[in-house]
Amino acid sequence: MLTAGLGTRLQPLSLVRAKPAVPIAGRPLIARILRGLADYGVRDVVLNLHHLPQTITALVGDGCEFGARVRYSWESPVLGSAGGPRKALPLLPDDDFFIINGDTLSDVDLHALATQHRESGAIVTMAVVDSRSLVERYGGVITDSRGIVYGFVPRGPTAAGYHFVGVQMAHPSAFARVPFGERAESTRDVYRALIAERRGSIGAFLAKGQFWDVGTPADYLDATLSVGAAEGVSSPQIGQHSRVAKGARLTSTVLWDDVEVGEGASLDRCVVADKVKIPAGATFRNCAIIQSGDNLV
């Protein structure tokens with residue numbers, strides 16, 4: 001999780017709900033998130049860790065490499081999108097802060113988001129985009145013409161509204177009533193209660209620009225290929241110390257580090273994790289491949 005402030009009078013802070021360190025076009029996703037925050041002056045960061053936390057701590061450390069001071073909130077068991085921020089509150093200031101999902105990548109204008117948040121008087125302001133396909137897939141945020149959120153709808157072909165991109169600004173009071181150490185969700189539990197108590201408690205900031213979800217292997221592949229194309233990274237993307245036999249064929253594929261691809265192997269739209277060995281002549285399509293003992297999974 002991240003908290004942040006704007007202008008010279010504030011020292012930005014942010015809470016990031018971090019995921020295991022995965023590369024996006026040759027750079028770890030968490031590194032991209034931290035660098036993006038630093039570009040906006042957000043240099044005090046709390047990373048909320050749960051699954052495979054060592055992949056994040058080993059890479060990020062104290063954050064100095066990324067221009068930030070990084071501290072950690074250890075979430076075990078998983079406490080949800082509201083329970084996690086509640087547990088991290090002792091590490092956060094008594095002021096508005098950003099919350100960034102660690103499985104999305106976007107270029108939301110944090111300055112504009114924070115300005116709208118403070119001027120509106122909302123307790124939480126969620127960055128959203130206008131995308132029918134994403135709303136059908138994930139569900140929608142329902143607002144009025146002023147950007148006041150008055151409800152959430154489940155995913156499906158009749159879903160309406162805006163898609164939440166995993167970036168928001170919140171006041172600590174939004175999560176203060178969640179029992180410490182108990183699981184709770186933001187939109188399903190906490191935000192609905194806040195809306196019921198006071199209209200205008202939750203606001204929506206209509207964001208422009210790019211948004212990538214990396215929460216599933218297919219989404220991850222599309223994101224890293226898209227970002228790579230924009231940054232001039234060749235496809236297939238091949239990680240450090242990975243070796244591809246001359247006769248192998250790779251199409252729209254991402255190899256992580258220390259991968260070996262044998263002679264005559266064919267990979268089409270695949271993600272291949274660290275240290276996987278693809279046998280000679282093997283064929284895979286639309287697969288995420290990891291090495292489990294002596295077997296490919």
Side-chain angles (χ1 to χ4, degrees), residues 17-36 49-61 65-66 78 101-107 131 133-134 136-138 155 165-166 210-297:
R17 302 171 57 212
K19 302 293 183 181
V22 297
I24 300 289
R27 294 174 57 199
L29 174 58
I30 188 61
R32 290 180 176 274
I33 292 173
L34 291 174
R35 289 291 188 190
L49 303 180
H50 38 86
H51 183 55
L52 297 177
Q54 69 278 7
T55 66
I56 295 292
T57 56
L59 174 69
V60 174
E65 180 182 344
F66 306 98
V78 175
N101 284 359
D103 58 359
T104 60
L105 186 63
S106 67
D107 57 0
S131 171
S133 62
L134 290 173
E136 289 182 358
R137 181 177 176 186
Y138 295 106
R155 65 184 179 181
V165 299
Q210 299 294 312
F211 164 74
W212 296 273
D213 187 348
V214 297
T216 69
D219 290 334
Y220 165 79
L221 180 62
D222 289 340
T224 196
L225 291 175
S226 177
V227 172
E231 296 180 351
V233 178
S234 62
S235 179
Q237 296 179 18
I238 299 175
Q240 293 183 349
H241 312 300
S242 289
R243 298 170 295 282
V244 179
K246 188 174 181 179
R249 186 175 74 88
L250 277 63
T251 306
S252 299
T253 287
V254 176
L255 307 183
W256 291 5
D257 296 340
D258 299 302
V259 173
E260 293 184 17
V261 181
E263 182 71 29
S266 175
L267 301 174
D268 180 18
R269 285 193 57 81
C270 291
V271 177
V272 186
D274 295 340
K275 300 181 180 179
V276 166
K277 298 182 182 350
I278 303 295
T283 299
F284 293 96
R285 186 172 187 273
N286 293 328
C287 291
I289 306 169
I290 64 172
Q291 193 87 35
S292 178
D294 295 329
N295 301 314
L296 297 182
V297 179

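We number each residue from 1, following the sequence as shown.
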Peer 1: Side chains of Asp257 and His241: does their closest heavy-atom pair fall under 4.5 Å?
Peer 2: no
Peer 1: Closest approach of Gly262 and Ala245, non-hydrogen atoms and distance?
Peer 2: C-CB, 3.6 Å
Peer 1: Please list all pairs passing the side-chain hydrogen bond (donor to acceptor under 3.5 Å, both in side chains) test where one or both residues lie in residues 223-234, with sequence neighbours left out.
Peer 2: Arg32-Glu231, Trp212-Ser226, Thr224-Gln237
Peer 1: Where the side chain of Thr253 meets the backbone of Cys270, is there a donor-acceptor pair that is under 3.5 Å apart?
Peer 2: yes
Peer 1: Return the OG to CG distance between Ser242 and Asp274, rounded to the nearest 0.5 Å.
Peer 2: 8.0 Å
Peer 1: Suppose we screen for salt bridge (Lys or Arg N to Asp or Glu O under 4.0 Å). Which residues come up paired with Arg285, at least two apart in sequence or across chains?
Peer 2: Asp268
Peer 1: Just to verify, what does Arg27 make a salt bridge (Lys or Arg N to Asp or Glu O under 4.0 Å) with, not counting sequence neighbours?
Peer 2: none
Peer 1: For side chain to side chain contact (heavy atoms under 4.5 Å, CB included), just list the numbers for Asp103 and Tyr220, CA-CA rounded to whole Å, side-chain angles, deciding distance to a tenth of an Å, and then say yes or no.
Peer 2: CA-CA 9 Å; Asp103 58 359; Tyr220 165 79; over 6 Å; no
Peer 1: So, for Asp213 and Ala223, which heavy atoms are closest and what is the spacing to 0.1 Å?
Peer 2: O-CB, 4.3 Å
Peer 1: On a heavy-atom basis, which atom in Ala265 and which in Pro279 lie closest, and how many Å separate them?
Peer 2: CB-O, 3.7 Å
Peer 1: As an exercise, state the distance from CG of Leu105 to CD1 of Ile30, rounded to the nearest 0.5 Å.
Peer 2: 10.5 Å
Peer 1: Which residues pass the side chain to side chain contact (heavy atoms under 4.5 Å, CB included) test with Ser235, sequence neighbours left out?
Peer 2: Leu225
Peer 1: Checking Glu136 now: which residues fulfil salt bridge (Lys or Arg N to Asp or Glu O under 4.0 Å) with it, not counting sequence neighbours?
Peer 2: Arg132
Peer 1: Tell me, please, which residues at least two apart from Ala218 pass side chain to side chain contact (heavy atoms under 4.5 Å, CB included).
Peer 2: Thr216
Peer 1: I'd like to check Leu29 versus Ile24 (side-chain heavy atoms, cut-off strictly below 4.5 Å). Are they in contact?
Peer 2: yes
Peer 1: Using the test side chain to side chain donor-acceptor pair (under 3.5 Å), find all partners of Ser252 that sit at least two apart in sequence or belong to another chain.
Peer 2: none
Peer 1: Can you tell me how far apart CD1 (Ile289) and CG (Leu255) are? Round to the nearest 0.5 Å.
Peer 2: 9.0 Å
Peer 1: So do the side chains of Phe211 and Leu134 get within less than 4.5 Å of each other, counting heavy atoms only?
Peer 2: yes
Peer 1: How far apart are the closest heavy atoms of Thr104 and Ile33, and which atoms are they?
Peer 2: O-CD1, 4.0 Å
Peer 1: Using salt bridge (Lys or Arg N to Asp or Glu O under 4.0 Å) as the criterion, list what pairs up with Asp222, not counting sequence neighbours.
Peer 2: Arg269
Peer 1: Going by side chain to side chain donor-acceptor pair (under 3.5 Å), name the residues that satisfy it together with Thr57, two or more places apart in sequence or in a different chain.
Peer 2: none
Peer 1: What residues form a side chain to side chain donor-acceptor pair (under 3.5 Å) with Thr251, not counting sequence neighbours?
Peer 2: Arg249
Peer 1: Looking at CZ of Arg137 and CZ of Arg155, how far apart are the two atoms once the value is rounded to the nearest 0.5 Å?
Peer 2: 9.0 Å
Peer 1: Output the distance between atom CG (Leu49) and atom OG1 (Thr55), rounded to the nearest 0.5 Å.
Peer 2: 8.5 Å
Peer 1: Restricting to ring-ring contact (aromatic ring centres under 6.0 Å, His included), what partner residues turn up for Phe66, sequence neighbours left out?
Peer 2: none
